[in-house]
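In what follows, every chain begins at residue 1, and chains take the letters A, B, ... in the order their sequences are listed. Please read these numbers as outputs of a predicted model, since none were measured by experiment.
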Number of protein chains: 2
Amino acid sequence: MEQAENTARAQRNPDQTRQRILEAAFMEIYRNGFQGMRLDEVLAATRLTKGALYHHFPNKQALGYAVVDEVILPTMQAMWVQPLRGAEEPLGALVEVIEQMVDSKPPEMIQYGCPLNNLAQEMSPLDEGFRQRLDYAFAIWHDSVQAALEQAQRLGQIRKDCNCDEIATFVLAAMEGCIGLAKAAQSRERLRTCNRGLIQFLQSLKAH
Amino acid sequence: MEQAENTARAQRNPDQTRQRILEAAFMEIYRNGFQGMRLDEVLAATRLTKGALYHHFPNKQALGYAVVDEVILPTMQAMWVQPLRGAEEPLGALVEVIEQMVDSKPPEMIQYGCPLNNLAQEMSPLDEGFRQRLDYAFAIWHDSVQAALEQAQRLGQIRKDCNCDEIATFVLAAMEGCIGLAKAAQSRERLRTCNRGLIQFLQSLKAH
DNA sequence: TATTCTACCAACCAGCCGGTATGCAGGCAA
DNA sequence: TTGCCTGCATACCGGCTGGTTGGTAGAATA
């Protein structure tokens, strides 16, 4: 009788509950921004109540911080950092990652943009706690791109006089800019066009 | 007696009142986003009341639209489009505009980023009215960059095989990306670093 | 089996926020 | 002067939103 009523609810699994809250909060933030996220919407999505949320997180801000640390940062690493790890063709791997994002699994990339950059743009001037966490994520990302460029340099794929630190920073900026422009246009084609420019830049670094 | 009380208030000047509301609303949106803008704050800044605001604008959305049309778009044109108009050295003018934005008059550029892009990132997926207006502003901007590039091409400053349309799109994306990254870091130095990458890209277009 | 603690629910609350209703002073036409 | 319309001010409201409080069922502990 009880099992027939609601199989999903009754079981006591705090870690999973916390994770469900985090993921629902992430989606709400992704779509509406942190200020636009409504806790009631998160609870409706998880079919939980205020009590559950405030048992796992002291307030909305802490929930936001946790979303950065435990959802956005790991996702970013899996999507952008991991593919560059120890690639034999670092420059090619970089280009490939850029091209892949056009037809990336989540089709929301064009509609809603980059979760990391969205939150950074919204919250960096308003909340130092957010800013530090998001800037840290950018730093991780930057270092992986820089490492790939330096490896490409060692392999003679790009010129020796390139400042890999500086270029990595610009590549990050350009990628976020491309995604942002595509989002503003709500157009996947715009992202393709934009990315071609970025790839053209990377090609211009090649040694010949 | 009446003149001594409050010289600024009493005079009946609807156009100026409307303009004051627009500028205060712009600053609020610039700092907190459209969703984060509170009408009460706008009214506090202008020392007006609800009656005045709702006399000039039917609702919050319409106020936001008016800010785009009457503040953000003209400002963008003055800052980015105008300097490229009929420049004898279009490529040099482009580089100069980019370099100037590092030490631009409003020091809030690093703190709060680009008003146009901020709003585009926040509202494009949520409100088609905003999206169209902001996309239109981007189109104006794009066309002016494209025209400058094509002029540079005619003058033999950049290679003939460059796709100026595509490059202009990428340049826009890169500029917004640079500003965004600097905002995320809250660092003027980051903007300088980032801009050097963009200028390096523009140099790579040169014919030799 | 009695006790305790964890995980969560249900109900409520205060403050804010967009929006409205109403009133009224001053310019302007007649 | 009279009346009218524009340009605001004042006061108010309903609903939403983050946050709180008291309780309780079930697992863990003893």
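Atom pair A:Leu53:CG and C:dA10:C1' shows a separation of 15 Å (rounding to whole Å applied). Between A:Gln19 atom CD and C:dA7 atom C1' there is a gap of 17 Å when expressed in whole angstrom units. At whole-Å resolution of the value, CG in A:Leu43 and P in C:dA10 are 12 Å apart. Between A:Gln16 atom CD and C:dC8 atom C1' there is a gap of 14 Å when expressed in whole angstrom units. Distance CG (B:Leu63) to C1' (C:dG18): 12 Å, rounded to an integer number of Å. In this structure, B:Leu48 places its CG atom 14 Å from C1' of D:dT10, rounding to the nearest Å.
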Donor-acceptor pairs are to be reported for all side-chain atoms of residues 176-190 of chain B against protein atoms at under 3.5 Å, with residues two or more places apart or in another chain.
| residue | atom | partner | partner atom | Å |
| --- | --- | --- | --- | --- |
| B:Lys183 | NZ | A:Gln121 | O | 2.6 |
| B:Lys183 | NZ | B:Tyr112 | O | 3.4 |
| B:Lys183 | NZ | B:Asn118 | OD1 | 3.1 |
| B:Gln186 | NE2 | B:Gln111 | O | 2.9 |
| B:Gln186 | NE2 | B:Lys183 | O | 3.0 |
| B:Ser187 | OG | B:Glu189 | N | 3.3 |
| B:Ser187 | OG | B:Arg190 | N | 2.9 |
| B:Arg188 | NE | B:Val102 | O | 3.1 |
| B:Glu189 | OE1 | B:Arg192 | NH1 | 3.0 |

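Nearest heavy atoms, B:Gln35 versus A:Asn32: NE2-O, 3.2 Å. In this structure, B:Ile29 and B:Gly64 approach most closely via the heavy-atom pair CD1-CA, 4.4 Å.
Scored by the side-chain hydrogen bond (donor to acceptor under 3.5 Å, both in side chains) test, B:Glu150 finds B:Gln146 as partners (sequence neighbours excluded). Residues satisfying the side-chain hydrogen bond (donor to acceptor under 3.5 Å, both in side chains) test with A:Arg31, not counting sequence neighbours, are none. For B:Asp165, the side-chain hydrogen bond (donor to acceptor under 3.5 Å, both in side chains) partners two or more places apart in sequence, or in a different chain, are B:His142.
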Pairs under 3.5 Å (N/O, protein and nucleotides 3-7 of chain D):
| residue | atom | partner | partner atom | Å |
| --- | --- | --- | --- | --- |
| D:dT6 | O2 | B:Arg12 | NH2 | 2.1 |
| D:dG7 | OP2 | B:His55 | NE2 | 3.3 |
| D:dG7 | O4' | B:Arg12 | NH2 | 2.9 |

All N/O contacts under 3.5 Å from nucleotides 17-23 of chain D to the protein, with atom names and distances to one decimal?
| residue | atom | partner | partner atom | Å |
| --- | --- | --- | --- | --- |
| D:dG18 | OP1 | A:Met37 | O | 3.2 |
| D:dG18 | OP1 | A:Lys60 | NZ | 3.4 |
| D:dG18 | OP2 | A:Leu39 | N | 3.1 |
| D:dG18 | N7 | A:Lys50 | NZ | 3.2 |
| D:dG19 | OP2 | A:Tyr54 | OH | 2.8 |
| D:dG19 | OP2 | A:Lys60 | N | 2.9 |
| D:dG19 | O5' | A:Tyr54 | OH | 3.4 |
| D:dG19 | N7 | A:Lys50 | NZ | 3.2 |
| D:dG19 | O6 | A:Lys50 | NZ | 2.9 |

Using salt bridge (Lys or Arg N to Asp or Glu O under 4.0 Å), reason through B:Glu128 and B:Arg133 one step at a time and then give a plain yes or no. CA-CA 9 Å; B:Glu128 181 65 13; B:Arg133 286 153 210 268; over 6 Å; no
Please test B:Asp127 against B:Tyr65 for side-chain hydrogen bond (donor to acceptor under 3.5 Å, both in side chains), starting from the C-alpha separation and ending with a verdict. CA-CA 11 Å; B:Asp127 185 305; B:Tyr65 287 179; 2.6 Å; yes
